[in-house]
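Inspection log for the structure reproduced underneath, given as structure tokens.
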Number of protein chains: 2
Amino acid sequence: MSSKWPENLGEAMIIKEKLLMGPGPSNCPPTVLKAAANPLLGHLHPDFCVIMDDVKAGIKHLFQTENELTIALCASGHAAMEATLVNVLEAGEKVVIARNGIWGDRAADIASRAGILVAMMNGNPGKSFSTEDIEEFLAKEKPKAFFITHGESSTGVLQNLKGIGSICRKYNCLFLVDSVAACGGVELKMDEWGIDVLYSGSQKVLSAPPGTAPISFSAQAREAIKNRKTAVQSYYLDVEILGRYWNVDNQPRFYHHTGAVTNIIALREALSFISSKTLEQSWKRHKNCQKKLHEGLKELGLELFVENEDDRLPCVTTIKVPGGVEWAKVTGLMMQNDTIEMAGGLGPTAGKCWRIGLMGYNCTEANVEKVLWSLKKALESVGYLSQIETF
Amino acid sequence: MSSKWPENLGEAMIIKEKLLMGPGPSNCPPTVLKAAANPLLGHLHPDFCVIMDDVKAGIKHLFQTENELTIALCASGHAAMEATLVNVLEAGEKVVIARNGIWGDRAADIASRAGILVAMMNGNPGKSFSTEDIEEFLAKEKPKAFFITHGESSTGVLQNLKGIGSICRKYNCLFLVDSVAACGGVELKMDEWGIDVLYSGSQKVLSAPPGTAPISFSAQAREAIKNRKTAVQSYYLDVEILGRYWNVDNQPRFYHHTGAVTNIIALREALSFISSKTLEQSWKRHKNCQKKLHEGLKELGLELFVENEDDRLPCVTTIKVPGGVEWAKVTGLMMQNDTIEMAGGLGPTAGKCWRIGLMGYNCTEANVEKVLWSLKKALESVGYLSQIETF
């Protein structure tokens, strides 16, 4: 055992700013970064409790819900997915998971580990699900819950959620939605659309540091939790006791865990940032930037992975890598020359697509122009553009 | 549904610095706060991977271990407790939990939820366990694992860990240690002492923001995980796949979750801060400040909760609230007049004790003087000191 600390720790970290135009994390506004450097507060200090209250109220508006149990987990979106499944479902109960990308796979993995029975509703990567297909599947499977991804960041697919809530009600089934990569950038109305559990992540459209995950449970979802025969398998993710830390139902605050004070302060500032415009304005800006991006990509002769225009997620665009082009070479050049991050594919799009994110603070026309400019240069460098000009 | 964001979000947060002399979070050094305000990096960006490597190396030294699977969870110490139990144990297997404060209770709660059989070894709050008693209990119960708390922050008890490792080996039992409130402030040698799973928290002696939790698994612990018959119940806390994100065993990095980039950067800076002195120097400083604090408390006529001097945890001191004094009035005055946080009791000490933390950046003689000065004034205000002077 060495008696000395590793030498590297004595060296200063020099972190150069990058323009993060991948599927998240996205950049934080300077005010949010500054907020993260605030002095620490005790995790139950009255000043911090006010900040938690502001965060709750902000998430309620963001989600368009009046659910009492609306909080932020101190963990990533993956943990929110796990919290969703393991709270409303018990071992031996059935969930239908709509799968058209990596998030359906992850949800199935998480559910299976908890002994929840998974009926996989397989779709096509690059396509959304129709309400008719969903109804047919639920009628056949009669699950306790139905899980679907609003913004499939691995494929760039936007799922239309309108109408699914009433189908779920009809079959007495809870409606669970992952909106990590869509919430804030696309229309989303939890209560109106009959969603029972909804979660997102801090580092996407909210443009806060990663590490917290907004989540909300409807009265029906809470009823299901109340009627469980077994305890929720996880203490850390047991949302009813966690809710007590967040003063849900005006219950006295309970020391459930030490909240990630810095992250919650930064999340409060990020909610403040997004609140300078209405949700409708945010949704519209994402739509407009998407349009501009897609036009620019078309001009470069590139094809989108998602065929149907209505299925295209404004927050994450998936672009087919043209034959003969090494995808990693292009993203490498963009980072190296312009410190712009564009991502490769994930799951069904791995090795086949690039992914460009337009999220929150980063979703501006100027950034669309920057990423197109950098991509064009990189494509020229690898000889792709001269090639298509020859045709 | 209101069409407007909550008005509060438009108001600026003004966070006044407080001296956090409770059992954590403790204050962060200015360099650590500044590090938290760095521009974001992608969670798999090469620059961030270097930072993750530095964090791993730093934790290895802090824990005095060469275990490959040494990482930081992006969640609190509670989640690390859960990760410890649900990875090395399966439903139906037995764990002995040494309980002399709240952490034994929490560990039992977490284990029971996972179907793990709990044999509770009940001790006395305010006292540590003897190796003889532990050996007797393990011989009788023959568990798969033994869980004990190094620094019982609810009671202020330091557990001597030397000698327990060899007892655990003798009974073929894994040795699991919670050192959230002790690690860095007290001697701790994971490998030499035969500890199989060790975890801590970022917001105690490390003086980083809360939200990450260093954790390490020995080869034996990993063998137990490898031999599981069932999958680890939690995806988020499955340390073997999480280890792949951290490049453990030089495995290609796997997108397990979006790491809390900001928190990990701050943790790297906190490790840099603590690394300016040797571990021995840190342990000694905590011991010296503890001595000074205890002498000062004695001068104020106050009694410590922990009777045996060797059982007293340097990082958290528990002080009996004298009869006739309202504990919350005293802590309230200290915060109100001097913005100094001293905590009340927790679990067995709730309503009976105050708790003063001496941790990392905050563990200085000057801070000991400040907290004693503020406490003395508050005790005078509530009439306690004039009362004892009368006797």
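All chains are named by letter (A, B, ...) in the order of the sequence lines, taking the proteins before the strands, and each is independently numbered beginning at 1. Fair warning: this is a prediction, and the values are worked out from it, not measured in the lab.
- Minimum heavy-atom separation, B:A37 to A:A37: CB-CB, 3.8 Å.
- Within 6.0 Å of the CD atom in B:E7, the count of heavy atoms belonging to other residues, nucleotides or ligands does not exceed 12.
- Minimum interatomic distance between B:G58 and A:L9 (heavy atoms only, all atoms of both residues): CA-CD1, 3.8 Å.
- Here the straight-line distance linking atom NE2 of A:H257 with atom CZ of B:R106 works out to 11.0 Å at 0.5 Å rounding.
- Rounded to the nearest 0.5 angstrom, A:K18 NZ and B:H45 NE2 are separated by 4.5 Å.
- With a threshold of 4.5 angstrom between heavy atoms, B:R268 approaches chain A through its backbone and through its side chain.
- Between the side chains of A:R113 and B:Y235, no donor-acceptor pair of N or O atoms lies under 3.5 Å.
- Looking at A:L279, both its backbone and its side chain come within 4.5 Å of chain B, counting heavy atoms on both sides.
- Of the listed residues (A:S234, A:S112, A:S272, A:A266), the greatest number of heavy-atom pairs within a distance under 4.5 Å of chain B belongs to A:S234.
- Ranked by heavy-atom pairs under 4.5 Å with chain B, the first of A:P39, A:G201, A:A36 is A:P39.
- The most heavy-atom pairs under 4.5 Å with chain A, out of B:G22, B:A231, B:A75, come from B:A75.
- Residue B:E192: no heavy atom, backbone or side chain, is found under 4.5 Å from chain A.
- Using a 4.5 Å cut-off between heavy atoms, B:I264 does not touch chain A at all.
- In terms of heavy-atom pairs under 4.5 Å with chain B, the best-connected choice from A:V261, A:V232, A:L237 is A:V232.
- For B:D54, the parts lying under 4.5 angstrom from a heavy atom of chain A are both the backbone and the side chain.
- In terms of heavy-atom pairs under 4.5 angstrom with chain A, the leader among B:S275, B:S76, B:S276 is B:S275.
- For chain A, the nearby parts of B:N38 are the backbone and the side chain; heavy atoms of each come within less than 4.5 Å.
- Contact of A:K277 with chain B is made through the backbone alone, with heavy-atom distances under 4.5 Å.
- Only the backbone of B:S26 comes within contact range of chain A, with at least one heavy atom under 4.5 Å from a heavy atom of that chain.
- Contact between A:T262 and B:P209 at its shortest, heavy atoms only, is OG1-CB, 3.1 Å.
- The parts of B:L271 that come within reach of chain A are both its backbone and its side chain, each placing non-hydrogen atoms under 4.5 angstrom from that chain.
- With hydrogens and angles disregarded, no donor-acceptor distance shorter than 3.5 Å links the side chain of B:H78 to the backbone of A:T258.
- Neither the backbone nor the side chain of B:K204 comes within less than 4.5 Å of any heavy atom in chain A.
- Ranked by heavy-atom pairs shorter than 4.5 Å toward chain B, the options A:P30, A:G42, A:A114, A:G211 are led by A:G42.
- Neither the backbone nor the side chain of B:I14 has a heavy atom closer than 4.5 Å to any heavy atom of chain A.
- Ranking A:N27, A:L62, A:T278 against chain B, the residue ahead of the rest is A:L62, based on heavy-atom pairs under 4.5 Å.
- Each of B:E341, B:M81, B:E17 has some count of heavy-atom pairs under 4.5 Å with chain A, and the biggest count is that of B:E17.
- With a threshold of 4.5 angstrom between heavy atoms, B:K4 approaches chain A through N, CA, C or O but not through any side-chain atom.
- Taking every heavy atom of both residues into account, A:L40 and B:P25 meet most closely at CD1-CB, 3.8 Å.
- Scanning all heavy atoms of the two residues, the minimum distance from B:G24 to A:H43 falls at O-CE1, 3.7 Å.
- Atom CG of A:D109 and atom CD1 of B:I241 lie 6.5 Å apart (nearest 0.5 Å).
- Note: B:I265 CD1 to A:I15 CD1 = 3.5 Å, rounded to the nearest 0.5 Å.
- To the nearest 0.5 Å, atoms NZ (A:K34) and CE (B:M13) are separated by 10.5 Å.
- With chain B as partner, the option from A:L346, A:V55, A:D238 having the largest number of non-hydrogen pairs under 4.5 angstrom is A:D238.
- Put simply, of B:A343, B:A260, B:P210, the one with the most heavy-atom pairs under 4.5 Å next to chain A is B:P210.
- Rounded to the nearest 0.5 angstrom, B:Q233 CD and A:E82 CD are separated by 8.0 Å.
- Residue B:H256 touches chain A through its backbone alone, counting heavy-atom pairs closer than 4.5 Å.
- No donor-acceptor pair closer than 3.5 Å links the side chain of B:Y236 to the backbone N or O of A:A83.
- For B:M335, the part sitting under 4.5 Å from any heavy atom of chain A is the side chain, from C-beta outward, and nothing else.
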Evaluate the side-chain contact (heavy atoms from CB on, under 4.5 Å) criterion for residues A:N8 and B:D53: first the C-alpha distance (whole Å), next the side-chain angles of each, then the deciding distance (0.1 Å), finally the verdict. CA-CA 10 Å; A:N8 281 2; B:D53 287 345; over 6 Å; no
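- Both the backbone and the side chain of B:Y255 come within contact range of chain A, judged by heavy atoms closer than 4.5 Å.
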